2 protein chains.
Amino acid sequence: MNLEKRGLSERKKQILKAIVNAHIEGGEPVGSKYILQNQQLGCSSATIRNEMAELEEMGYLEQPHASAGRVPSELGYRFYVDTLIERYAMTTGEIAQINNLLKAKIGELDQILLAASHLASNLTNYTGIAIKPRVRSVSISKFETIYLEPDHFILVAVTSTGAVKSKHVRVERAVTQATVARLATALNEHLTGLTADEITLPIIMETEAQMGADASAVGTVIKIVYGLLSELDEGEMRVSGIDRLLQYPEYSDVGQLQELLGTLEKKDDILDLVSRSENEGINVLIGSESEVKVMNNSALVFKPIVQNGKTVGAIGILGPRRMDYAKVLATLEGLSGNIADIIHANKQLNGGDHNGGNENNGG
Amino acid sequence: MNLEKRGLSERKKQILKAIVNAHIEGGEPVGSKYILQNQQLGCSSATIRNEMAELEEMGYLEQPHASAGRVPSELGYRFYVDTLIERYAMTTGEIAQINNLLKAKIGELDQILLAASHLASNLTNYTGIAIKPRVRSVSISKFETIYLEPDHFILVAVTSTGAVKSKHVRVERAVTQATVARLATALNEHLTGLTADEITLPIIMETEAQMGADASAVGTVIKIVYGLLSELDEGEMRVSGIDRLLQYPEYSDVGQLQELLGTLEKKDDILDLVSRSENEGINVLIGSESEVKVMNNSALVFKPIVQNGKTVGAIGILGPRRMDYAKVLATLEGLSGNIADIIHANKQLNGGDHNGGNENNGG
DNA sequence: ATTAGCACTCCAACAAAAAGAGTGCTAAAA
DNA sequence: TTTTAGCACTCTTTTTGTTGGAGTGCTAAT
């Protein structure tokens with residue numbers, strides 16, 4: 001017992017792992033008898049009980065009430081995810097499913113993320129989340145205008161991350177096709193690479209000067225550009241497969257469920273959490289490790305999608321604290337590998353090796 | 001009793017209305033005693049009981065069990081919505097809220113619909129739905145290309161409904177800025193106004209011919225255009241405020257709730273329903289009136305957004321069958337009026353009168 | 001046609017009892 | 001010193017029974 005100060009005995013590890021696995025599968029507290037029957041550790045249930053009592057004392061297990069089985073504590077899950085978990089190998093079927101669905105969606109990042117989170121939800125049977133994080137500083141790398149009618153054109157902006165945004169623009173004074181083309185040029189010369197904060201009055205005035213007689217449209221457009229940039233700042237989050245949560249008994253309490261759904265609706269908390277993360281590997285947040293109040297018996301696992309050193313998106317899984325971490329980690333890794341392939345270049349998808357490291361981040 | 005064959009007596013109407021109102025508010029079966037105390041109809045509870053028994057026989061009321069109060073049947077709600085409902089006037093506060101939020105979102109239809117459904121959910125305290133219906137035939141009215149790198153440009157398409165879609169395009173053989181500009185011209189000349197089905201091989205060949213030496217890119221782009229058109233065909237549906245459902249006791253049964261959430265996740269059923277609707281007024285679907293299985297104790301109210309005679313979107317409310325129809329109808333009407341203002345022209349919002357007719361459509 | 005009165009039904013809530021699962025502890029065995 | 005069998009104990013879950021109340025339907029009188 002003294003020598004266990006700095007680590008768990010092999011037997012304790014085996015018991016803890018068995019308990020976590022059993023609880024992940026069944027959701028019920030696990031008793032010594034069950035362990036006895038399902039593990040070969042050549043000792044009696046009484047010994048197991050003793051070990052369990054010690055594991056509880058050490059903080060890895062909890063007892064829902066005086067005479068129930070044991071349930072893994074938050075610390076127990078942490079230890080499990082960090083050291084005990086056995087890597088889950090995706091089946092060829094799953095890999096094929098990923099490839100097929102994502103291949104069909106080669107396109108804008110938004111759609112890829114959405115499809116991926118859907119897929120993640122399907123494969124893991126938990127709730128999937130697709131996130132475009134808030135970013136401190138997006139800028140626009142290219143403007144284009146599309147003339148429609150004398151008082152009506154479309155402003156298209158390509159952002160530094162490659163996303164394309166557009167807005168209809170209506171102006172008071174009629175403009176010509178040539179004018180809106182000149183406008184695009186002017187915008188490209190003065191506003192590219194600037195964040196919302198950097199669009200200052202002098203810059204606006206320069207742009208207006210360049211447009212000469214047609215300066216009146218500039219004000220309207222700048223306002224729209226500004227709004228566009230702030231929109232991009234806001235981030236976005238979409239949820240898929242909420243219905244899957246309901247199959248887990250931890251969410252059969254309506255109050256709890258309502259709180260959780262509320263958090264998913266509000267989006268802010270999770271969006272913040274993901275946007276602030278600096279871990280580019282897989283993030284695993286178990287229960288109260290995250291500041292999001294509601295998560296107490298839930299867990300959030302997410303993987304940022306990084307492009308040129310910048311986090312441009314994330315896919316995640318939300319589920320009960322006792323989720324099947326092995327499967328979730330493998331799924332998110334597989335998916336993010338494929339997404340990386342797609343966005344870095346439109347090269348052929350081949351399901352190759354994307355062992356994206358199994359880094360975990362507690363709190 | 002004979003003369004009631006073709007209509008309900010005034011007293012029956014009053015009783016029915018009182019029962020529906022009471023049940024909408026409380027969610028509990030309503031008894032004769034309650035009616036006696038809350039309505040001035042100068043008769044005893046025994047008489048009310050008799051009337052209630054007859055209303056039940058006629059199919060307007062139901063009894064959950066032998067000795068409970070009465071609950072409105074589906075037919076009862078239908079009758080209520082069609083003839084008994086009292087128009088609800090939006091408060092100035094609500095009108096102001098609508099104007100402020102929508103004003104801020106002047107932009108693409110998607111965003112307006114999303115904001116509106118959010119708002120509808122907030123105002124009514126039920127779940128809001130924003131829908132872009134499947135449409136038989138979308139075409140593209142204008143193409144534009146944005147050159148980025150020699151093997152990489154962006155294709156922007158403006159659809160016949162004014163929506164803007166874009167796709168990144170990567171090509172094998174390097175192209176110049178001039179080439180992508182010519183490509184846009186070629187696409188505009190050959191593909192505008194065509195639906196996905198109408199893009200035939202001859203047309204493709206003509207386009208390729210026009211591009212001469214750069215024909216190789218045409219194939220890639222056509223595939224993308226095709227995908228883009230089918231995407232537009234698919235329709236879209238976004239849900240907001242699911243958490244609000246949980247406050248109503250009819251959704252405290254996990255099984256029921258799961259089915260409902262499943263329907264909302266799948267989107268297909270509701271999307272079909274809305275896409276196929278030909279009623280441009282407010283549609284009210286109560287319980288099993290819709291083919292969507294799950295709705296049995298739910299109701300869906302939605303209002304198409306029509307532009308140039310075409311349904312370009314819809315906003316809706318999903319809630320318990322006993323929802324506050326008066327409020328829901330008023331809210332959707334108010335919102336759709338404002339949306340119409342915004343999309344028809346960017347004229348100033350003024351919260352003016354949009355009495356969009358109170359048409360109802362039973363199954 | 002309406003109403004008072006009453007017996008009847010059914011549900012909901014509570015209480016008590018029984019069943020079960022799992023533990024902790026003790027004393028003996030390895 | 002560690003392990004184990006055995007058993008009493010605790011706490012939950014399920015079952016069963018009881019009671020109270022709400023609301024109806026019916027009958028007989030108005």
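Note that this is a predicted model, so its numbers are computed, not measured. Below, read A as the first sequence line, B as the second, and so on, with proteins coming before strands; counting in each chain starts at 1.
Comparing the axis of the opening five pairs of the helix from C/dA1-D/dT30 to C/dA30-D/dT1 with that of the closing five pairs yields an angle of 20°, rounded to 10°.
Judged as a salt bridge (Lys or Arg N to Asp or Glu O under 4.0 Å), and not counting sequence neighbours, A/Glu265 has no contacts. Partners of A/Lys17 by salt bridge (Lys or Arg N to Asp or Glu O under 4.0 Å), not counting sequence neighbours, listed by chain and number: A/Glu86. With sequence neighbours excluded, no residue forms a side-chain hydrogen bond (donor to acceptor under 3.5 Å, both in side chains) with A/Asn296. Taking B/Tyr248 as the reference, B/Tyr126 meet the ring pair (Phe, Tyr, Trp, His ring centres under 6.0 Å) condition, with sequence neighbours excluded. Taking the ring pair (Phe, Tyr, Trp, His ring centres under 6.0 Å) definition, one finds that A/Phe79 meets it with A/Tyr60, sequence neighbours left out. For A/Lys267, there are no salt bridge (Lys or Arg N to Asp or Glu O under 4.0 Å) partners two or more places apart in sequence or in a different chain.
For the pair A/Thr47 and D/dT4, the criterion of a side-chain N or O lying under 4.0 Å from OP1 or OP2 is met.
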Note to self: For nucleotides 12-30 of chain C, give me one character per nucleotide, 5' to 3': B if any protein heavy atom sits under 4.0 Å from the base, S if the only such contacts are to the sugar-phosphate, - if neither.
What the structure shows: ---------BBBB------
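A residue-by-residue look at B/Gly42 and B/Pro64 shows that B/Gly42 has its nearest nucleotide of DNA chain C further toward the 5' end.
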Donor-acceptor contacts under 3.5 Å from residues 22-37 of chain B side chains, at least two apart:
residue	atom	partner	partner atom	Å
B/His23	ND1	B/Tyr77	OH	3.0
B/His23	NE2	B/Gly27	O	3.4
B/Ser32	OG	B/Arg49	NH1	3.4

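A salt bridge (charged side-chain N to carboxylate O under 4.0 Å, His left out) check over residues 58-77 of chain A, counting only residues at least two apart or in different chains, returns the pairs A/Glu56-A/Arg70, A/Glu74-A/Arg321. Pairs passing the salt bridge (charged side-chain N to carboxylate O under 4.0 Å, His left out) check and including a residue from residues 237-264 of chain A, sequence neighbours excluded, read A/Arg238-B/Glu236, A/Glu250-A/Arg322.
Taking 4.5 Å as the limit, every side-chain heavy atom of A/Asp324 sits out of range of all side-chain heavy atoms of A/Asn125.
Sorted by residue number, the list of members of residues 13-27 of chain A with any non-hydrogen atom under 4.0 Å from DNA chain C is empty.
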